[in-house]
**Student:** 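Structure below; questions to follow.
In what follows, chains are A, B, ... by sequence order, proteins preceding strands, each numbered from 1.
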Amino acid sequence: MDKDSISKTFESKEEEIYSLWEESSLFNPDNMEKYLQENGFNVKKPFTITLPPPNANGNLHLGHMCGYSFHDAIGRYMRMTGHPTLLLPGKDHAGIQTETSFTKELQKQGESKWDLGRDEFYKRCYEFCMTNAQNARSQEKRIGLSADYSREFFTLDPRLTKIVYETFYKMFKEGMVYRDKRIVNVCPNCKTALADIDTEHEEKRGIFAYIIYPFVEEEDKKKAMERFGVEGITVATTRPETMIGDTAVAVNPKDERYKEFVGKKVLLPIAEREIPIIADEAIDIEVGTGALKVTPAHSPIDFEIGKKHGLEVMNVIDEEGKMTGQIPERFKGMGTIDCSKALVKELDELKLLVKIENIKHDVAVCERCGTSIEPIISNQWYLNVEPLAKKALEAIKKGEYKVVPSGQQKALEYFFENIQPWCISRQLWWGQRIPVWYNGGKKLYDWLNENNGKTVSDYEETTGIKANGTGEIFLGENAPDDSDVWEAETDMFDTWFSSGQWPYSTLGGVDGEDFKKYYPTQLMVHARDILFWWSARMIMFGFYKTDEVPFPATFLTGMILASDGSKMSKSKGNGVEPQEVFGKYGADSLRLWYYSDALPGSNAPLREEKIKGNRNFVNKIWNASRFILMNIDESEIDEIIGCDVKDTERVLKTKEHLEKVGKYIEKYQFNLGAEAIREFFWHELCDKWIEEIKNEIKDSPVGSDIRKEKLSELLYILKENLKIMHPFIPFVTEAVWQELVKLGLAKGMLMSQQMMSL
RNA sequence: GGACGACUAGCUCAGCUGGUCAGAGCAUCUCGUUUACACCGAGAGGGUCAUAGGUUCGAAUCCUAUGUCGUCCACCA
């Protein structure tokens with residue numbers, strides 16, 4: 001071939017190169033192991049990373065794709081140092097998020113999920129995910145991800161579901177998973193329960209209404225009149241609509257103002273019910289009037305107070321945020337905000353409204369859709385995670401697990417220390433159905449569960465409903481028999497209940513062949529916003545099922561921002577399309593930029609000039625290599641590859657360099673690694689050594705010993721540099737290697753070369 | 001309200017256990033057509049390392065306050 005015809009700029013042939021890798025099937029660690037054996041290399045311990053499965057409901061953004069360049073760099077490095085390496089890819093069904101986005105998709109087409117029905121919805125949503133998953137997969141390949149796609153999993157794969165179900169059965173038998181009636185966050189838009197962690201807090205403008213609850217007894221009214229100037233006790237609330245569900249007023253026992261009224265009764269306005277005044281330490285004397293209206297059904301604090309004092313729980317708001325229950329007819333079916341306004345108006349007419357303050361306060365909103373959540377009492381499935389969190393904490397203390405950067409580790413410790421029972425049921429149509437059947441229906445089971453010790457006939461007596469079954473529960477994918485007494489649980493698992501089991505479920509579960517060989521894994525890499533959702537859960541499940549930590553470290557990737565330092569978002573229109581970057585600068589340039597700029601715990605504004613700078617480096621590699629090739633005469637090739645390279649100063653420095661960069665990768669210091677390969681290749685090899693060697697062979701004729709010696713040294717240095725740079729920038733380095741192969745100066749693929757000195 | 005992190009050149013950041021640590025890339029400026037590369041080469045300017053104290057022979061590096069920004073957690077009605 002004609003060496004001089006090689007292009008002056010690196011024209012990225014990324015697809016071609018990726019195909020070359022894929023065809024070798026060495027992304028599969030079993031094949032890699034064979035390859036190492038057959039070529040006489042020492043086979044080291046397998047290296048495994050289960051990759052974060054992107055949500056199967058949309059395209060990948062730049063952050064996803066760049067994240068994979070960390071997995072890939074360390075994976076390629078491990079592969080080149082003798083480890084059969086498994087980067088295990090997947091796609092996540094992402095329960096709520098997908099259900100929300102697919103529902104929107106349907107609306108655009110003038111359809112609704114209610115028209116489709118559960119089964120059809122599930123089927124269509126599945127297809128929707130499959131299409132998107134395919135896009136995501138091709139985008140992963142675009143960044144150069146060397147994942148074993150023969151092992152790819154979708155989180156709803158029946159093989160995974162089976163493992164997730166087994167975990168659930170085991171937990172149920174051990175009493176870790178149970179049904180409980182508690183106050184839970186409900187998103188009126190998604191119409192499902194949410195775990196605390198699925199909510200966010202936003203500052204919103206609201207009102208603070210001061211309402212008078214008049215005393216029942218004339219004597220108390222008189223006293224109150226003397227003391228407060230009104231005939232009752234004044235409470236302050238941000239949510240007047242909940243007042244019709246009040247079952248007490250609570251004050252602090254130390255509060256001198258109210259001491260003598262504790263135990264007395266007030267008449268709840270509008271609802272016209274008598275409720276007691278109780279004393280509880282939890283009440284803050286400073287806030288509002290120091291008197292708290294207690295609505296156990298619709299406020300977490302009130303729920304706790306209610307439990308302590310045995311208060312009645314009155315549900316007045318339903319899952320859709322509408323007024324319901326035993327309330328005056330005129331409010332039924334009203335939205336909470338409308339009801340609040342109506343109530344305030346009536347109270348004002350009754351002269352029971354003292355004032356309304358406008359305030360800003362934190363409101364819990366749905367993490368996925370931003371709707372204000374309603375705290376509602378309901379029966380849900382819970383998982384007692386406390387014992388597992390304890391084990392996780394111990395592992396952190398013993399140094400068996402760490403977070404990079406370490407600052408985030410403290411936040412994780414705090415999360416584990418204060419962990420609450422995890423609500424794992426979601427009222428969705430999309431996901432894994434909780435594999436439970438109720439004999440005689442769910443209501444019966446829950447009633448018996450709530451009323452410990454009572455019987456089915458007690459149920460019939462109390463509720464006046466005929467029970468059509470025994471109240472038993474059956475765990476299994478299918479009902480135990482064909483009788484129609486078995487009612488299926490329709491709730492789905494929280495998506496993290498299955499993705500939390502990712503490290504072993506994707507390896508075939510604890511009995512799987514892959515599990516024996518590739519578990520525990522070596523690292524977890526993901527964005528920092530899902531540390532508690534994902535890593536925390538994986539660690540806990542890991543302890544539960546395998547009695548060890550599933551990976552020794554979580555590396556948190558930095559966040560990519562728009563060039564002005566703000567968050568990229570579709571609504572702002574400041575997002576950058578991955579396609580655009582790849583088209584203009586290539587995957588290597590983008591990767592290199594990410595390694596050096598997106599450090600764990602830091603933000604990385606995407607600047608075009610910086611990616612351009614890296615593109616220049618990629619091109620420099622191409623040209624320096626081209627120059628070296630041009631210098632070698634065809635007649636010298638055989639002797640040059642047969643020539644023993646002496647340990648010159650340059651060769652020794654190169655070996656040191658490889659070792660140094662290897663250490664950086666092993667310590668996850670990708671930024672330092674990227675800086676080092678750039679510095680060494682560009683300013684040592686190109687600027688100094690190539691210039692030196694130019695001089696050293698300047699006057700020597702083709703075929704002379706000095707040329708052979710110097711050029712073989714240079715070739716050796718080039719090859720070693722390509723190897724150590726390959727984990728960072730796989731495409732250009734492989735492209736150069738293939739040019740060497742064409743000339744007979746190298747063999748095989750760079751991807752599977754071994755770095756012998758490491 | 002609490003926790004954690006950051007504050008180093010115009011910009012994004014390296015500087016781990018105190019003594020060549022005042023750095024890199026990008027940007028800026030000057031010069032340069034040499035066997036590859038102008039997506040290049042040679043060189044230059046630019047920072048009292050947020051502020052105030054303290055420990056020390058010596059601090060960007062340790063301690064204590066303060067300020068600014070960010071992230072996370074939290075039931076303040």
Side-chain angles (χ1 to χ4, degrees), chain A residues 3-4 6-10 183 185 196-197 199-201 206 208-210 235-240 242 249-250 282-295 298-305 359 361-362 364 375 403 405-415 417-418 528-529 531-532 556 558-559 561 563-565 585-586 589 592-593 596-631 667 669 671-672 674-676 678-679 682-683 686-687 690-691 693-695 697-698:
Chain A
K3 297 176 296 198
D4 301 322
I6 304 173
S7 161
K8 279 190 174 190
T9 50
F10 173 56
I183 195 145
N185 309 299
D196 285 344
I197 198 171
T199 65
E200 280 179 348
H201 291 82
F208 204 31
Y210 291 73
V235 298
T237 179
T238 55
R239 303 193 58 197
T242 61
V249 170
I283 309 305
D284 189 335
I285 297 174
E286 304 295 321
V287 176
T289 61
L292 170 71
K293 57 186 269 322
V294 184
T295 323
H298 299 293
S299 154
I301 336 158
D302 297 13
F303 179 72
E304 290 305 318
I305 295 173
I359 56 157
H361 63 149
D362 274 354
V403 180
S406 57
Q408 298 291 314
Q409 184 165 311
K410 294 198 179 134
L412 185 64
E413 283 171 28
Y414 186 82
F415 173 80
E417 280 161 12
N418 296 285
R528 64 171 182 248
D529 55 351
L531 181 62
F532 305 140
L556 300 174
M559 195 168 52
L561 302 173
S563 59
D564 61 354
Y585 300 108
S589 313
L592 213 43
W593 164 76
S596 27
D597 272 30
L599 271 73
S602 78
N603 299 325
L606 185 77
R607 298 264 163 70
E608 193 168 348
E609 318 90 73
K610 305 206 68 173
I611 296 179
K612 206 167 166 183
N614 288 312
R615 190 269 319 263
N616 295 353
F617 175 53
V618 167
N619 194 54
K620 184 79 184 175
I621 295 169
W622 179 253
N623 274 297
S625 307
R626 192 166 64 93
F627 177 70
I628 293 170
L629 295 188
M630 280 165 57
N631 267 282
K667 286 157 81 178
Q669 293 173 312
N671 60 320
L672 299 181
E675 193 188 318
R678 179 197 186 91
E679 172 66 27
W682 202 328
H683 303 299
C686 296
D687 293 349
I690 288 182
E691 295 305 319
I693 290 176
K694 268 185 199 172
N695 268 327
I697 62 171
K698 196 167 51 183

**Student:** Just to be sure I understand the rule, does Thr238(A) reach a base, reach only the sugar-phosphate, or reach nothing, if contact means heavy atoms closer than 4.0 Å?
**Tutor:** sugar-phosphate

**Student:** Can you tell which of rC75(B), rA77(B), rC73(B) lies closest to the side chain of Phe532(A)?
**Tutor:** rC73(B)

**Student:** What integer distance in Å separates Asn623(A):CG from rA38(B):P?
**Tutor:** 7 Å

**Student:** Measuring only between side-chain heavy atoms, which start at C-beta, is Ile183(A) closer than 4.5 Å to Asp302(A)?
**Tutor:** no

**Student:** Pick the P atom in rA14(B) and in rG5(B), then give their distance to the nearest Å.
**Tutor:** 15 Å

**Student:** Using the side-chain heavy atoms of Asp687(A), tell me which of these nucleotides is nearest: rA42(B), rC75(B), rA77(B).
**Tutor:** rA42(B)

**Student:** Let me confirm one number: the CH2-CG distance from Trp593(A) to Asn614(A), rounded to the nearest 0.5 Å.
**Tutor:** 10.0 Å

**Student:** I want to check something: taking the side chain as every heavy atom from C-beta on, are Asn631(A) and Ile693(A) in contact at a cut-off of under 4.5 Å?
**Tutor:** no

**Student:** Considering only rG25(B), rA36(B), rU71(B), which nucleotide approaches the side chain of Glu691(A) most closely?
**Tutor:** rA36(B)

**Student:** Taking atom P in both rC72(B) and rC40(B), what distance in whole Å separates the two?
**Tutor:** 39 Å

**Student:** Considering only side-chain heavy atoms of Arg528(A), which listed nucleotide, rU71(B), rA36(B), rC75(B), is closest?
**Tutor:** rU71(B)

**Student:** Heavy atoms only, 4.0 Å cut-off, all strands: where does Leu531(A) land among base, sugar-phosphate and nothing?
**Tutor:** nothing

**Student:** Arg678(A) has a side chain; which of rA36(B), rA14(B), rC26(B) sits nearest to it?
**Tutor:** rC26(B)

**Student:** Please state whether the phosphate of rC40(B), meaning OP1 or OP2, lies under 4.0 angstrom from any side-chain nitrogen or oxygen of Asn616(A).
**Tutor:** yes

**Student:** Give the rounded distance in Å between these two atoms: CE of Met630(A) and P of rU35(B).
**Tutor:** 11 Å

**Student:** Please give, in whole Å, the distance from rG23(B) C1' to Glu679(A) CD?
**Tutor:** 11 Å

**Student:** Any side-chain N or O of Arg615(A) below 4.0 angstrom from OP1/OP2 of rC37(B)?
**Tutor:** no

**Student:** Measure CD1/Ile690(A) against C1'/rA42(B) and give the value in whole Å, please.
**Tutor:** 17 Å

**Student:** It should be established whether Trp682(A) places a side-chain nitrogen or oxygen under 4.0 Å from OP1 or OP2 of nucleotide rG25(B).
**Tutor:** no

**Student:** Assess whether a salt bridge exists between Arg678(A) and Glu675(A), defined as any Lys/Arg side-chain N lying under 4.0 Å from an Asp/Glu carboxylate O.
**Tutor:** no

**Student:** State, with a plain yes or no, whether a side-chain heavy atom of Lys698(A) is found less than 4.5 Å away from one of Lys694(A).
**Tutor:** no

**Student:** Tell me the partner of rU17(B), counting only Watson-Crick (N1-N3 plus N6-O4 or O6-N4) or G-U wobble (N1-O2 and O6-N3) with both under 3.5 Å; none if nothing fits.
**Tutor:** none

**Student:** Categorize Lys698(A) for me: base, sugar-phosphate, or nothing, with a 4.0 angstrom heavy-atom threshold over every strand shown.
**Tutor:** base

**Student:** Give me the atom names and distance for the closest heavy-atom approach of Phe617(A) to Leu592(A).
**Tutor:** CD2-CD2, 3.4 Å

**Student:** Specify the separation, in whole Å, of atom OH of Tyr414(A) and atom P of rG5(B).
**Tutor:** 15 Å

**Student:** Rounded to whole angstrom units, what separation is found between the NE2 atom of His298(A) and the P atom of rC75(B)?
**Tutor:** 18 Å

**Student:** Side-chain N or O of Lys610(A) less than 4.0 angstrom from OP1 or OP2 on rA27(B)?
**Tutor:** no

**Student:** Using the closest heavy atom to pick a nucleotide of RNA chain B for each, name whichever of Glu200(A) or Ala291(A) lands nearer the 5' end.
**Tutor:** Glu200(A)

**Student:** Paired with rC40(B) by Watson-Crick or G-U wobble geometry, both distances under 3.5 Å: which nucleotide is it?
**Tutor:** rG32(B)

**Student:** Which value, in whole Å, describes the distance between the P atoms of nucleotides rA22(B) and rC69(B)?
**Tutor:** 32 Å

**Student:** Touch check for Phe303(A), heavy atoms < 4.0 angstrom, all strands: base, sugar-phosphate only, or nothing?
**Tutor:** nothing

**Student:** Who does rC76(B) pair with, Watson-Crick or G-U, both distances under 3.5 Å?
**Tutor:** none

**Student:** Taking NE2 from His683(A) and P from rG25(B), how many angstroms apart are they, rounded to a whole number?
**Tutor:** 6 Å

**Student:** Could you tell me which nucleotide pairs with rA24(B) by Watson-Crick or G-U wobble geometry, both distances under 3.5 Å, or answer none if nothing does?
**Tutor:** rU12(B)

**Student:** So what does Asp302(A) hit on the nucleic acid, given a heavy-atom distance under 4.0 Å: a base, only sugar-phosphate, or nothing?
**Tutor:** nothing

**Student:** Rounding to an integer number of angstrom, what distance separates rA60(B) and rG54(B) when you compare their P atoms?
**Tutor:** 15 Å

**Student:** Among Lys612(A), Glu608(A), Arg615(A), find the one that has a side chain to side chain donor-acceptor pair (under 3.5 Å) with Tyr585(A).
**Tutor:** Glu608(A)

**Student:** Distance between the C1' atoms of rG18(B) and rU12(B), in whole angstroms?
**Tutor:** 27 Å

**Student:** Among rG25(B), rA36(B), rA42(B), which nucleotide sits nearest the side chain of Lys620(A)?
**Tutor:** rA36(B)

**Student:** At what distance, to the nearest 0.5 angstrom, does CD1 of Ile301(A) lie from OG1 of Thr295(A)?
**Tutor:** 9.5 Å

**Student:** Once you apply the 3.5 Å cut-off to both distances, tell me the Watson-Crick or G-U wobble partner of rC69(B), or none.
**Tutor:** rG5(B)

**Student:** Tell me the interatomic distance from Glu675(A), atom CD, to rG25(B), atom P, rounded to whole angstroms.
**Tutor:** 8 Å

**Student:** When both hydrogen-bonding distances must be under 3.5 Å and the geometry is Watson-Crick or G-U wobble, what is rU61(B) paired with, if anything?
**Tutor:** none

**Student:** Which one is paired to rG46(B), where only Watson-Crick or G-U wobble pairs with both distances under 3.5 angstrom count?
**Tutor:** none

**Student:** If the C1' atom of rG25(B) is compared with that of rC39(B), how far apart are they to the nearest Å?
**Tutor:** 15 Å

**Student:** Determine the Euclidean distance between corresponding P atoms of rC21(B) and rG67(B); express it in Å to zero decimal places.
**Tutor:** 35 Å

**Student:** Touch check for Ala411(A), heavy atoms < 4.0 angstrom, all strands: base, sugar-phosphate only, or nothing?
**Tutor:** nothing

**Student:** Using the P atom in both, what is the distance from rA38(B) to rU34(B), to the nearest Å?
**Tutor:** 12 Å

